[in-house]
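Notes follow once the structure below has been shown.
Note that ligands are numbered from 1 as they come in the structure, with each ligand's atoms numbered from 1 the same way.
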Amino acid sequence: MHYCRRCLLPDTKPHIAFDAEGVCTACRAHEKKNAAIGGIDWAARAAEFEKLIEEARAAKAPLFDVLVPVSGGKDSITQIHRVLGRGLRILAVNVDYGMKTAIGQENLAVIPRMGATLFQATPDHTLHRELVRLGYEDFGDPDLLSHTLLHALPLHVGMRFSVPLVLLGENSAFEYGGDADIADNNSMTRAWFDRYAANAGHDARFVSRQYGIPFDRLRLYDFPDELPGSGTKAVFSSHFFHWDSEAHLEIATRYGFKPLDKPAEGTFRTYVGIDEKIHRIHQYFKVLKFGYGRATDHACEDIRNGRLTREQGKELVRQHDLLPLSEHFKTDFCGFTGLSRARFDAVIERYRNPAIWSRDNNGRWFIPGHLVDAAPARQSA
Ligand SMILES: [Zn+2]
């Protein structure tokens, strides 16, 4: 594995690329956000946002002026904060698969108290459990279609309710390193959805074909192609406001958002990805497949923002990133999907990437060259 010269992202990360200096696309995107060195003009972006708000107000929609998809995390509370205090009718839409944590429920309850109407959509469990199970077993991704549902459902709702503006969170193509043509586009499109919500073409259409599930049952899991030209515009908030986890935490805390008492397993942060039990399993697959996990993501963000040195980041990654999955995550997951524990264990090991992992003489798994800066990184696949 090769690591970015500036942060700690490895070249095994999907969609990432390194330039001739061995610096990753996520670090280069971060430079672009710095107005002081000729990057994004945030004042101009804020003015663009005000214009969108005025257009939404002028549309005189029947029920709501703006829709914000929410998980109940610090980022979603921050998105609500961005549109508060303007007399807008705000609709917050949450998708609850049925595996929400207690603290996730508590934080979600903050949203109506802020001044938004909260819709919670719980997908048909007879279908959703099956999708989680097949994603887990056949693709090493229990969220295979959960992510597409999470992105698509609020768009369907926004369109059907004629809400003029949907305010999405971050454009991950830009923030975490992705294709330049998609990264610079500020609206949610089919191209973005196919690349960043769906996992490598394994979307609702694919699952429908492959598993004989009628596509009509999966519509909420797919991008609504009627969206462009429907009068509902879906834009990424990170285009208008500097996306920064620490700043979001500060804003969300003011409204009553609560973090965990101690860091979530697999990272050193207490306030990220804490609302869904399944999140840890999804992240653990990343460790098996690509050799890095949440601590790397979080350390990289802190390194770019000057809150950690690269060496301090490495130390935190060493402590947290490759920790094995705790029993209670497995028990909860098996309870939800109906998988046996033996089956769970057999499946998960199949996804450990032999090109990344080795076993020592005692049979323990390790990653040769973990966090070692080798020869200058080259353009990755
Ligand atoms: Zn980097």
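- Here salt bridge (Lys or Arg N to Asp or Glu O under 4.0 Å) pairs that include residues 230-244, with residues two or more places apart or in two chains, are Glu55-Lys233, Asp244-Arg307.
- Ring pair Phe257/Tyr271: centre-to-centre distance not below 6.0 Å.
- If you count the protein N, O or S atoms nearer to the Zn ion (ligand 1) than 2.8 Å, you get 4.
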Listed pairs under 3.5 Å, donor-acceptor, residues 219-226 side chains, sequence neighbours left out:
{"residue": "Arg219", "atom": "NE", "partner": "Asp216", "partner atom": "OD1", "Å": "2.9"}
{"residue": "Arg219", "atom": "NH2", "partner": "Asp216", "partner atom": "OD1", "Å": "3.1"}
{"residue": "Tyr221", "atom": "OH", "partner": "His128", "partner atom": "ND1", "Å": "2.8"}
{"residue": "Asp222", "atom": "OD1", "partner": "Arg190", "partner atom": "NH1", "Å": "3.1"}
{"residue": "Asp222", "atom": "OD2", "partner": "Arg190", "partner atom": "NH2", "Å": "3.1"}
{"residue": "Asp222", "atom": "OD2", "partner": "Arg205", "partner atom": "NE", "Å": "3.0"}
{"residue": "Asp222", "atom": "OD2", "partner": "Arg205", "partner atom": "NH2", "Å": "3.0"}
{"residue": "Asp225", "atom": "OD1", "partner": "Arg190", "partner atom": "NE", "Å": "3.1"}
{"residue": "Asp225", "atom": "OD1", "partner": "Arg190", "partner atom": "NH2", "Å": "3.4"}
{"residue": "Asp225", "atom": "OD2", "partner": "Arg190", "partner atom": "NH2", "Å": "3.0"}
{"residue": "Asp225", "atom": "OD2", "partner": "Arg205", "partner atom": "NH2", "Å": "3.2"}
{"residue": "Glu226", "atom": "OE2", "partner": "Arg160", "partner atom": "NH2", "Å": "3.2"}

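- In this model, no donor atom of one side chain and acceptor atom of the other lie less than 3.5 Å apart for Asp75 and Trp243.
- Taking the six-membered ring for Trp and thresholds of 30 and 60 degrees, Trp365 and Trp357 have ring planes more than 60 degrees apart, a perpendicular arrangement.
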Review item, side-chain donor-acceptor pairs of residues 133-142, under 3.5 Å, at least two apart:
{"residue": "Arg133", "atom": "NE", "partner": "Glu130", "partner atom": "OE1", "Å": "3.2"}
{"residue": "Arg133", "atom": "NH1", "partner": "Glu137", "partner atom": "OE2", "Å": "3.1"}
{"residue": "Arg133", "atom": "NH2", "partner": "Glu130", "partner atom": "OE2", "Å": "2.9"}
{"residue": "Tyr136", "atom": "OH", "partner": "Phe344", "partner atom": "O", "Å": "2.8"}
{"residue": "Glu137", "atom": "OE1", "partner": "Arg343", "partner atom": "NE", "Å": "3.1"}
{"residue": "Glu137", "atom": "OE1", "partner": "Arg343", "partner atom": "NH2", "Å": "2.5"}
{"residue": "Asp138", "atom": "OD2", "partner": "Tyr211", "partner atom": "OH", "Å": "2.5"}
{"residue": "Asp141", "atom": "OD1", "partner": "Asp143", "partner atom": "N", "Å": "3.0"}
{"residue": "Asp141", "atom": "OD1", "partner": "Leu144", "partner atom": "N", "Å": "3.4"}
{"residue": "Asp141", "atom": "OD1", "partner": "His282", "partner atom": "ND1", "Å": "3.1"}
{"residue": "Asp141", "atom": "OD2", "partner": "Asn199", "partner atom": "ND2", "Å": "2.9"}

